[in-house]
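Sending over a structure as structure tokens; questions will come in a sec.
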Amino acid sequence: MSPSAAINQLADDFALFSDWEDKYAYIIDLGKHLRPYPEQYRTDEFKVRGCQSQVWLHPHVEGNTVHFDADSDAVIVRGLIALLMRVYDGATAKEILDTPTDFVRTLGLADHLSQNRANGLAAMLKQIHLYALAVQSRLESASS
Amino acid sequence: MSPSAAINQLADDFALFSDWEDKYAYIIDLGKHLRPYPEQYRTDEFKVRGCQSQVWLHPHVEGNTVHFDADSDAVIVRGLIALLMRVYDGATAKEILDTPTDFVRTLGLADHLSQNRANGLAAMLKQIHLYALAVQSRLESASS
Amino acid sequence: MTTTSTYDVHTVRAAFPILQRTVHGGKPLVYLDHAATAQKPQAVLDAIGHYYRTTNSNVHRGAHALSAEATAAFEDARAVIAGYVGAARNEEIVFTSGTTDGLNLLAATVLTSAQPGDEILLTEMEHHANIVPWQMVAQQRGLAIRVVPVRDDGTISVDDVASLLTERTKVFACAHVSNVLGTINPIAEWSALCQANGTRCIVDGAQAIQHCSVDVQALGCDAYVFSAHKLFGPTGFGVLWARYDFLDALPPYRGGGAMIDRVTFSGTTFNAIPMRFEAGTPHIEGAIGTAAAIRWLQEIDTTERIAHEDDLLRHTTAAMTAMDGLTILGTASHKVGIISFVVDGIHASDIGTLLDNMGIAIRAGHHCTQPLHQRFGIDASARASFALTSTREEADMFVEGLAKAIRMLR
Amino acid sequence: MTTTSTYDVHTVRAAFPILQRTVHGGKPLVYLDHAATAQKPQAVLDAIGHYYRTTNSNVHRGAHALSAEATAAFEDARAVIAGYVGAARNEEIVFTSGTTDGLNLLAATVLTSAQPGDEILLTEMEHHANIVPWQMVAQQRGLAIRVVPVRDDGTISVDDVASLLTERTKVFACAHVSNVLGTINPIAEWSALCQANGTRCIVDGAQAIQHCSVDVQALGCDAYVFSAHKLFGPTGFGVLWARYDFLDALPPYRGGGAMIDRVTFSGTTFNAIPMRFEAGTPHIEGAIGTAAAIRWLQEIDTTERIAHEDDLLRHTTAAMTAMDGLTILGTASHKVGIISFVVDGIHASDIGTLLDNMGIAIRAGHHCTQPLHQRFGIDASARASFALTSTREEADMFVEGLAKAIRMLR
Ligand SMILES: Cc1ncc(COP(=O)(O)O)c(C=O)c1O
Ligand SMILES: Cc1ncc(COP(=O)(O)O)c(C=O)c1O
């Protein structure tokens with residue numbers, strides 16, 4: 001699924017929740033089922049700065065798509081990571097760069113997620129974008 | 001004249017002034033006619049801290065009375081010094097210590113003298129009292 | 001609430017505009033993060049507004065009425081603060097920009113004649129503000145840092161302090177009250193040990209100042225620092241009290257206006273204390289706002305407000321102790337209304353997020369005490385902290401909210 | 001007032017509550033001490049009140065709504081300030097407690113790898129805040145201080161700057177605008193010389209920030225510092241801008257919370273800029289109040305307000321130049337509305353006292369520039385300083401009052 005399709009689907013999912021408790025129950029559930037993080041990448045190198053809880057992000061390229069492993073010690077953050085993964089994991093660098101990062105806000109998540117949490121997310125988003133940028137510019141320089 | 005008599009007379013004098021200009025004209029005039037300060041005492045040792053302008057104070061004992069030479073480079077401060085001298089110069093240490101220092105305020109001077117100026121005065125008053133205290137305790141220890 | 005029968009928390013609370021607000025779409029704010037920063041009563045806001053509307057001017061400088069009024073209000077604030085902590089003289093009160101600034105000032109000036117190998121003693125419960133400045137000076141001067149351990153209940157053994165004070169210990173820097181454990185340390189006892197040992201006892205009063213009645217004479221320490229923002233005062237302002245002779249012997253810290261006596265390019269002489277340590281235009285509003293906070297606080301009976309906070313602490317602790325898998329960090333008998341805790345298998349940040357959604361503001365993280373968290377083998381904890389404005393209803397809402405958050409997270 | 005026809009000073013002035021007050025029994029306040037501290041428009045008071053009544057919380061810490069709102073407002077303030085001075089990135093803006101604090105931070109961190117004999121270049125017109133911190137570090141590290149002389153008209157020759165920059169000059173620290181002479185220095189030219197010489201150009205913007213339109217890119221310097229209280233903002237707050245790479249390479253200054261990455265007793269690692277330089281709870285109100293001051297100022301046309309102040313300067317200077325025995329210090333063609341002066345045979349403090357009694361607030365003394373006063377062979381001067389709120393009527397009252405004071409004192 002392309003990032004924009006994923007965002008649309010998330011928007012549909014979130015529209016179903018009438019109160020914050022259901023929304024969080026869902027996010028917590030996502031967090032509990034996040035794909036296990038490869039232990040060899042649980043190092044300082046892959047830690048994301050700017051989060052209250054600890055967050056790790058390991059990006060890598062397979063063919064022409066970008067993939068992410070990610071984890072946190074806080075389950076709500078893991079739930080949010082799971083949401084981000086639906087949008088970004090397996091997309092092309094170009095798709096990632098073309099996706100406006102404010103979908104977190106437009107999803108209505110920002111209402112309930114404190115700015116601090118959002119900052120943690122923002123730091124992760126920034127890392128994802130930086131990585132996509134690096135991949136993309138390598139592709140371009142290789143093809144030119 | 002004793003300090004308290006001098007203060008009463010000052011109060012009478014000041015009562016005559018209906019506006020600040022007359023009062024200041026009088027203080028400035030006093031400042032212009034202050035007894036010349038002995039140049040050998042114009043040193044850091046005799047400088048009073050806490051004044052905007054420079055102030056020197058040289059206290060000494062003659063017989064059983066305390067005397068002061070004092071000066072400033074600002075004429076209004078010199079006028080104020082002249083007022084203080086009327087009260088303190090030539091008094092005994094005990095008389096000085098018995099004189100409440102708030103007469104500056106009760107004279108109605110504080111209305112027109114800014115706090116800063118008053119602080120300069122306050123620093124001088126403090127020095128005068130400290131000196132009187134030293135003289136008095138020497139007298140007492142000598143007589144006991 | 002029989003223990004606090006004459007203390008009317010609702011009247012006290014009504015003085016704080018912010019406590020009337022709601023969050024997250026209409027939920028009443030239950031602010032239990034007073035250890036991070038205290039809220040401000042209307043009296044402080046009025047004093048700040050009044051200062052800027054009527055008196056604002058640079059102090060100690062101008063020859064005019066406004067400057068004289070501002071200087072009088074500023075120095076009056078110093079006297080109020082000096083009186084509040086029991087300083088012997090107003091000159092013992094140095095204005096800083098906060099606890100952190102005060103501790104840095106001390107770390108930079110107290111050890112200028114220390115020799116390599118001399119020691120600085122800290123405790124394991126110190127806030128980073130009372131660790132890092134000492135580490136920085138230790139590194140510069142080749143000094144050693146020693147640490148008094150914290151016991152499982154969040155207290156420190158006085159024997160441990162005694163045995164770690166050596167003939168090389170120049171400074172013992174310790175918190176009066178821990179911002180995580182809530183423990184009130186026996187500063188008077190520690191000061192006596194320091195004095196007998198020729199060690200300077202420097203106390204971080206950041207947390208104590210809001211809850212305890214502080215008397216530096218009774219404490220017997222050499223220096224005591226705190227922040228105004230934790231004492232219901234403005235941000236960006238703090239106080240350093242130090243014993244006159246001790247302070248007077250310290251070299252200057254920051255250079256600039258007001259702290260000098262005479263400046264030439266070939267050399268500069270310095271002003272008397274406290275001005276020597278107050279370079280530049282001070283935080284005049286901060287001083288005046290802090291004095292207003294103290295005056296406001298002094299209207300309230302100290303014994304009663306402390307009893308009120310203690311009641312909240314005991315009531316909440318009892319309820320939390322009954323909760324499954326929950327561990328409270330810091331169970332000293334002598335503590336203030338700060339409750340830090342961890343819940344088995346649940347991250348503090350998740351608890352904080354869910355409580356926040358219920359309108360309940362607590363804090364999650366390491367609370368600037370990573371070494372203390374390491375000592376307990378954890379990265380983070382959740383912390384609820386009460387103030388004199390907190391109510392039993394708020395305590396109960398917190399306990400219920402916590403139970404619900406745990407249910408949602410399990 | 002043809003030069004300022006569309007600038008409505010009375011509307012601008014109406015924003016300042018304090019300017020409506022009277023002193024000395026009913027005399028309208030004529031505040032001409034803006035160089036010491038600026039007054040605050042209602043918008044700043046409102047922002048401060050609003051912050052404490054609705055948002056106050058510790059920043060960057062809590063997991064709750066209030067903390068998130070406070071952090072957003074605080075970081076928004078950083079962005080507003082960054083935009084105002086033309087910073088390339090928000091991270092280049094460090095919050096301090098004032099100009100003095102910023103200069104001390106730089107003096108303590110910029111020269112850590114300087115060798116004995118290396119040089120610091122200052123100018124003869126510097127404020128003590130831009131002298132003493134450099135003297136302190138020079139003494140610690142055996143560095144030499146060189147001084148660019150001031151000419152009789154209160155300007156500095158660019159050739160003098162060029163010839164005093166040697167291969168050992170590590171830092172040139174200079175005022176953008178002199179607080180006594182009013183001179184606006186050609187910082188862009190000086191920065192270019194510094195850059196060519198491998199010297200860091202550090203600018204004290206304390207006076208410039210109120211009057212000039214400051215663009216750090218156009219100035220080309222490495223660092224620029226100022227105080228909020230001179231920019232119509234709260235006391236106790238200041239700003240240090242420094243070029244990203246330069247700032248990023250500096251070691252930490254104060255230790256404490258927020259400036260760290262990880263703390264253990266065996267060693268500590270530090271946070272990224274700007275947090276590395278913001279230890280402890282910041283002056284949150286100060287940041288928010290300063291942003292409000294800037295937003296308020298941005299509503300006013302910059303060219304027009306500068307022209308208005310310039311008109312006041314020229315009008316008043318002309319009248320004073322005609323006065324017998326009066327000498328103005330600083331007659332540069334390029335200056336702000338600061339007029340310092342001496343009168344033959346009359347002490348500045350006497351002039352200040354008499355003007356004060358007429359309701360006119362000026363300043364008398366050395367204005368924290370003793371070396372500059374020595375250069376002119378005097379101990380003290382009187383200083384009148386205008387702001388964008390000053391009027392022609394005030395200027396005329398000042399000139400008449402001054403003439404009267406001189407008459408009384410002769
Ligand atoms: C040119 C100059 N530099 C530095 C300062 C010091 O500023 P502050 O006292 O706000 O730290 C001032 C103001 O007094 C100044 O005019
Ligand atoms: C025990 C303790 N020490 C020091 C500090 C630092 O205080 P500030 O951040 O106000 O400088 C705090 C507050 O965060 C604290 O709780």
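Every chain is numbered from 1, with letters handed out A, B, ... down the list of sequences. Because only heavy atoms are used, hydrogens play no part in the values below, and waters and symmetry mates are left out as well, while side chains stay in.
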Looking at D:E126, D:Q39, D:M259, D:Q20, which makes the most heavy-atom pairs under 4.5 Å with chain C? D:Q39
Taking C-beta and beyond as the side chain, do C:L66 and D:R21 meet within less than 4.5 Å on heavy atoms? yes
D:L122 versus chain C, the contacting section by heavy-atom distance below 4.5 Å: side chain
Validation row, ring centre C:H283 to ring centre D:H229 under 6.0 Å: no
How long is the gap from OG1 on D:T268 to CD on C:Q135, to the nearest 0.5 Å? 3.5 Å
Heavy-atom pairs under 4.5 Å with chain D, option from C:A382, C:S266, C:A129 with the top count: C:A129
Can you tell which part of C:F265 gets under 4.5 Å to a heavy atom of chain D, answering side chain, backbone, both or neither? both
Can you name the residues that form a salt bridge (Lys or Arg N to Asp or Glu O under 4.0 Å) with D:R262, not counting sequence neighbours? none
Is there a side-chain contact between D:H64 and C:I362 (heavy atoms, below 4.5 Å)? no
Under 4.5 Å from a heavy atom of chain C, the part of D:A206 involved: neither
Shortest non-hydrogen contact from D:G256 toward C:P133: N-CD, 4.5 Å
Value rounded to 0.5 Å, distance of OG1 in D:T235 from CG in C:N58: 9.5 Å
Quick one: salt bridge (Lys or Arg N to Asp or Glu O under 4.0 Å) pairs with a partner in residues 276-286 of chain C, sequence neighbours left out? C:R78-C:E278, C:D248-C:R276
Should D:Y52 and C:P234 count as side-chain neighbours, where that means a heavy-atom distance under 4.5 Å? yes
Quick one: which of D:T54, D:I284, D:L29 has the most heavy-atom pairs under 4.5 Å with chain C, could you say? D:T54
What's the separation between atom CE in C:M136 and atom CZ in D:F270, rounded to the nearest 0.5 Å? 5.5 Å
Answer whether the closest heavy-atom distance between the side chains of D:I48 and C:I48 falls below 4.5 Å. yes
Applying a strict 4.5 Å limit to non-hydrogen atoms, the region of C:P251 in contact with chain D is neither
Check each atom of C:L355 against the heavy atoms of chain D and say whether the ones under 4.5 Å are side chain, backbone, both or neither. neither
The ring pair (Phe, Tyr, Trp, His ring centres under 6.0 Å) partners of D:H34 (sequence neighbours excluded) come to D:Y31
As a quick check of understanding, evaluate side-chain contact (heavy atoms from CB on, under 4.5 Å) for C:T264 and D:Q370, giving each step before the final call. CA-CA 7 Å; C:T264 67; D:Q370 289 181 343; 6.0 Å; no
Compare all side-chain heavy atoms of D:V132 with those of C:V263 and state whether any distance is below 4.5 angstrom. yes
For chain C, which residues of residues 98-106 of chain D have heavy atoms nearer than 4.5 angstrom: D:T100, D:D101, D:N104
For C:A38, is it the side chain, the backbone, both, or neither that has a heavy atom closer than 4.5 Å to a heavy atom of chain D? backbone
Pair D:T37-C:N56, side-chain contact (heavy atoms from CB on, under 4.5 Å): steps then yes or no: CA-CA 8 Å; D:T37 200; C:N56 178 59; 3.8 Å; yes
Non-hydrogen atoms of D:C368 and C:G257 that approach each other most closely: SG-CA, 3.9 Å
Taking it one step at a time, do C:I260 and D:H128 satisfy side-chain contact (heavy atoms from CB on, under 4.5 Å)? CA-CA 8 Å; C:I260 58 95; D:H128 294 165; 3.7 Å; yes
Using a 4.5 angstrom heavy-atom cutoff, name the option from C:I145, C:V147, C:V23 with the most pairs to chain D. C:V147
